[in-house]
Student: 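First the structure, then my questions, so here it is.
One is the number of the first residue; the rest follow in order along the sequence. Order of listing sets the numbers, starting from 1, for every ligand and every atom in it. Just so we're clear, the structure is a prediction, and the values are computed from it rather than from any experiment.
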Amino acid sequence: MKRVAILGAGPAACLLAISLVRAGVHPVVIGYPRTSPAVEGLSQRVVDALAQLGCGEALSLLGPRWGRVSSWGGATVEMNGEFAVERVAFDGALLRDLQAAGVALRAGRVRGLERGQGGGWRIRWEDATGTPRQSEADFVVECRGHTAPKVAAHELAGPTLVSLARTFDGARRQPPTTFIESFPSGWAWAGVDPQGRAHVQVVVLPALVAAHRGDLDAAHTACLGQLARLPERFGERLSPIGPTRARGIQAALRGGRVATDYLRVGDAAYTGDPLSGHGTFEAASGAIAAVPVIRTLLERPGQAGLALRYMRERSQAVFRSRVEAARSHYASEPRWAGEPFWQHMSAPLAGAPAYGQGVPDEARFALMPVVEDGFIVERRVVTSAAHPRGVRFIDGVDLARLDELLEAGIVPDASELSRRLVAPLEAVGLALRWLQAQRPIPRAGV
Ligand SMILES: Cc1cc2nc3c(=O)[nH]c(=O)nc-3n(C[C@H](O)[C@H](O)[C@H](O)COP(=O)(O)OP(=O)(O)OC[C@H]3O[C@@H](n4cnc5c(N)ncnc54)[C@H](O)[C@@H]3O)c2cc1C
């Protein structure tokens, strides 16, 4: 049995380890839990992933979904709610879920990762008492977040930003709600609970902090002074209950994400713009996507190239689409378009082709790596600029199989196709209409 080690102890590490155990691979996790407090919002999709993986401890922390209000581009709208969590508590709960799933946890700080003499990896780490330890592994997954050591230059990177977060008491009591508001120097995300405790995080360029000579409290107060809607919601009696905390942020697609015995997952692979609020979802979905890749690399080494291509292209595509979504959201705020923050954030990422660029506009069948029965395999899918990673099924109907029947001269009669594909009539009708609307060009030898 190959030895798999996961480095880190955040959402990516925990959810990957739990997913691997469920797939019959038993990793060792080497990491120490997060210690810096932060309040973050989680979407319903994170909650679905936690439920899918049986993370009862993490789910039990969530409580009801908070309301969400956005003030952007001069309009204030109520949006889909989110779940606000304190990350030290949330990550601690995930570690309990990890242990309940039977994953071996070595609580400690990784100090070094080197190639072993006879192949494989040597991991040097320090346990909770500071005693140096060493572990061997055949396969390593790097999940130490954005602070994971860099192994290659970033493939793509956006501007460096800073987030300043501070907690207050005395906000007007109201149902638990999160708020987003744009202002000339950046944007703010805030959450207030029914006891009147408010967390206010602003995202700005580092120059704003420098203009306050590095005084984080002064910089945060200056940003609050630029907000119009939040003070109306929170009232005049906010009183800070601790200092302002700063976190650096940079959307980046990291280099060296995949190798036959090494993967990076979560923030260690790529970080999006926090405006999307998708970081934990990306960590969860990246962890789930990594499982068939790892199993293919371990059990079907002849398919390694395919598995690596799947993981590499997946992270490129997701990163580009997230960055583009954030850029167009920044560009939809016209009021501060001349301000440095908004100029930086609404400009396309240097060197980044748009999502789907390089893929021909017209639809065509192409061989692509896909997940099937827990492994990465190559299958015919329909690709186009709108679907660069390909579409294989519509309503459960395999488009390549449907195309083969059409090519073999089966008239596009849904009932005959439904019989041959052993699929419901409505599903076949839907798939047929979808395929005809794409009008894939003839199969070029595929
Ligand atoms: C300002 C800001 C606001 C954000 N807001 C949101 C939000 O509202 N919603 C959202 O979904 N996401 C948000 N994110 C993103 C989110 O925090 C991350 O995307 C998510 O935590 C990534 O999970 P991860 O497991 O990859 O990394 P991390 O959560 O960073 O976990 C890394 C883990 O590795 C451990 N570790 C680090 N070094 C070592 C070492 N040497 N040895 C052993 N262990 C180590 C750490 O202790 C930690 O447990 C925000 C990010 C920032 C910066």
Student: Have a look at ligand 1 and work out which part of Ala12, if any, has a heavy atom under 4.0 Å from it: side chain, backbone, both or neither.
Tutor: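 Both parts.
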Student: Is the contact between Pro33 and ligand 1 made by the side chain, the backbone, both, or neither, using heavy atoms and a 4.0 Å cut-off?
Tutor: backbone
Student: Ignoring hydrogens and geometry beyond distance, is a side-chain donor-acceptor pair present between Ser384 and Gln438 at under 3.5 Å?
Tutor: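 Side chains of Ser384 and Gln438: no pair found under 3.5 Å.
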Student: To which protein heavy atom is atom 31 (O) of ligand 1 closest, and what is the distance rounded to 0.1 Å?
Tutor: Gly10 CA, 3.6 Å
Student: Have a look at ligand 1 and work out which part of Cys143, if any, has a heavy atom under 4.0 Å from it: side chain, backbone, both or neither.
Tutor: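 Backbone only.
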Student: So between Thr178, Asp267, Val202, whose heavy atom ends up nearest atom 19 (O) of ligand 1?
Tutor: Asp267
Student: How close do Leu164 and His220 get, counting heavy atoms only, and between which atoms?
Tutor: O-CD2, 3.4 Å
Student: Which of the atoms in ligand 1, numbered in the order shown and given with their element, are less than 4.0 Å from a heavy-atom of Ala283?
Tutor: 23 (O)
Student: Among all the protein's non-hydrogen atoms, which is closest to atom 27 (O) of ligand 1, and how far away is it?
Tutor: Gly145 CA, 3.5 Å
Student: Can a salt bridge be assigned to the pair Arg106 and Asp127 using a cut-off of 4.0 Å between side-chain N and carboxylate O?
Tutor: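 Between Asp127 and Arg106 there is no salt bridge, as every charged N stays at least 4.0 Å from the carboxylate O atoms.
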Student: In ligand 1, which numbered atoms sit nearer than 4.0 Å to a non-hydrogen atom of Gly108?
Tutor: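 What qualifies from ligand 1 is 43 (C).
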Student: Does NZ or CZ of Arg389 fall inside the cone over Tyr310's six-membered ring, less than 6.0 Å from its centre and within 45° of the axis?
Tutor: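 Yes, cation above the ring, under 6.0 Å and within 45°.
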Student: Return a yes/no value for Ala268: is any of its N or O atoms, backbone included, closer than 3.5 angstrom to an N or O of ligand 1?
Tutor: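 No; the residue has no nitrogen or oxygen that sits under 3.5 Å from a nitrogen or oxygen of the ligand.
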Student: Give the numbers and elements of all ligand 1 atoms closer than 4.0 Å to a heavy atom of Thr280.
Tutor: 10 (C), 11 (O), 12 (N), 19 (O)
Student: Heavy-atom contacts under 4.0 Å between Pro11 and ligand 1: side chain, backbone, both, or neither?
Tutor: both
Student: Are any of the N or O atoms of Gln201 closer than 3.5 Å to those of ligand 1?
Tutor: no
Student: Which of the numbered atoms in ligand 1 are below 4.0 angstrom from a heavy atom of Ala9?
Tutor: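 This gives 33 (C), 34 (O), 35 (C), 49 (O) as the contact atoms.
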Student: Atoms of ligand 1 less than 4.0 Å from Ser163 heavy atoms?
Tutor: 1 (C)
Student: On the ring face of Phe234, is Arg172 found with NZ or CZ under 6.0 Å from the centre and within 45° of the axis?
Tutor: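 Judged by the rule (NZ or CZ under 6.0 Å from the ring centre, within 45° of its axis), Arg172 is not positioned above Phe234.
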Student: Polar-atom distance check: Gly31 versus ligand 1, any N or O pair below 3.5 Å?
Tutor: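 There is no such contact.
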Student: Output yes when Asp91 and Arg87 qualify as a salt bridge under the 4.0 Å nitrogen-oxygen rule, no when they do not.
Tutor: yes
Student: Just checking, is any N or O donor in the side chain of Arg68 or Thr178 under 3.5 Å from an acceptor N or O on the other one?
Tutor: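 Distance-only check fails for Arg68 and Thr178.
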Student: For Glu114, I'd like to know if atom CD has over 12 heavy atoms of other residues, nucleotides or ligands within 6.0 Å.
Tutor: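 Counting other residues, nucleotides and ligands, CD of Glu114 exceeds 12 neighbours.
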Student: Name the closest protein heavy atom to atom 40 (C) of ligand 1, giving the residue it belongs to and the distance to 0.1 Å.
Tutor: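 Looking at atom 40 (C) of ligand 1, the protein heavy atom closest to it is Arg144 CD, 3.3 Å.
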Student: Which label fits Tyr270 and Phe319: parallel for a plane angle under 30°, tilted from 30 to 60°, or perpendicular past 60°?
Tutor: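 The rings of Tyr270 and Phe319 stand perpendicular, inter-plane angle above 60°.
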Student: Among Gly279, Ala284, Ala287, which residue places a heavy atom closest to atom 12 (N) of ligand 1?
Tutor: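 Selected option, by shortest heavy-atom distance: Gly279.
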Student: I need the atoms of ligand 1 closer than 4.0 Å to a non-hydrogen atom of Gly41, numbered in the order shown.
Tutor: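 Answer for ligand 1: 7 (C), 8 (O), 9 (N), 10 (C), 11 (O).
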Student: Checking contacts here: is it the side chain or the backbone of Arg111 that comes within 4.0 Å of ligand 1, counting heavy atoms only? Could be both or neither.
Tutor: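 The answer is neither; Arg111 stays 4.0 Å or more away.
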Student: Is it the side chain, the backbone, both or neither of Arg87 that has a heavy atom closer than 4.0 Å to ligand 1?
Tutor: side chain
Student: Around atom 2 (C) of ligand 1, find the nearest protein heavy atom and jot down its residue, atom name and distance.
Tutor: Arg247 NH2, 3.3 Å
Student: Counting only heavy atoms, tell me which of Phe90, Tyr32, Phe83 gets closest to atom 36 (N) of ligand 1.
Tutor: Tyr32
Student: Output yes when a side-chain donor or acceptor of Glu333 lies under 3.5 Å from a complementary backbone atom of Trp342, and no otherwise.
Tutor: no
Student: Measure the distance from atom 42 (N) of ligand 1 to every protein heavy atom, then report the residue, atom name and distance (to 0.1 Å) of the closest one.
Tutor: Val110 N, 2.8 Å
Student: Could you tell me, atom by atom, which parts of ligand 1 come under 4.0 Å of a heavy atom of Gly266?
Tutor: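 Contacts of ligand 1 toward Gly266, numbered from 1: 26 (O).
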Student: With under 30° as parallel and over 60° as perpendicular, where do the rings of Phe341 and Tyr330 fit, or are they tilted in between?
Tutor: perpendicular
Student: Could you tell me if the side chain of Val377 sits less than 4.5 Å from the side chain of Pro369, heavy atoms only?
Tutor: no
Student: Using the ring of Phe375 (Phe, Tyr or Trp, six-membered ring only), decide whether Arg300 places NZ or CZ under 6.0 Å from its centre and within 45 degrees of its axis.
Tutor: yes
Student: Does ligand 1 have a heavy atom under 4.0 Å from the side chain of Glu40, from its backbone, from both, or from neither?
Tutor: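 For Glu40, the contact with ligand 1 is made by both the backbone and the side chain.
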Student: Would you say the ring centroid of Trp189 lies under 6.0 angstrom from that of His199?
Tutor: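 Distance test on ring centres: not under 6.0 Å, no.
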Student: Is there a side-chain contact between Gln44 and Glu82, using heavy atoms and a 4.5 Å cut-off?
Tutor: no
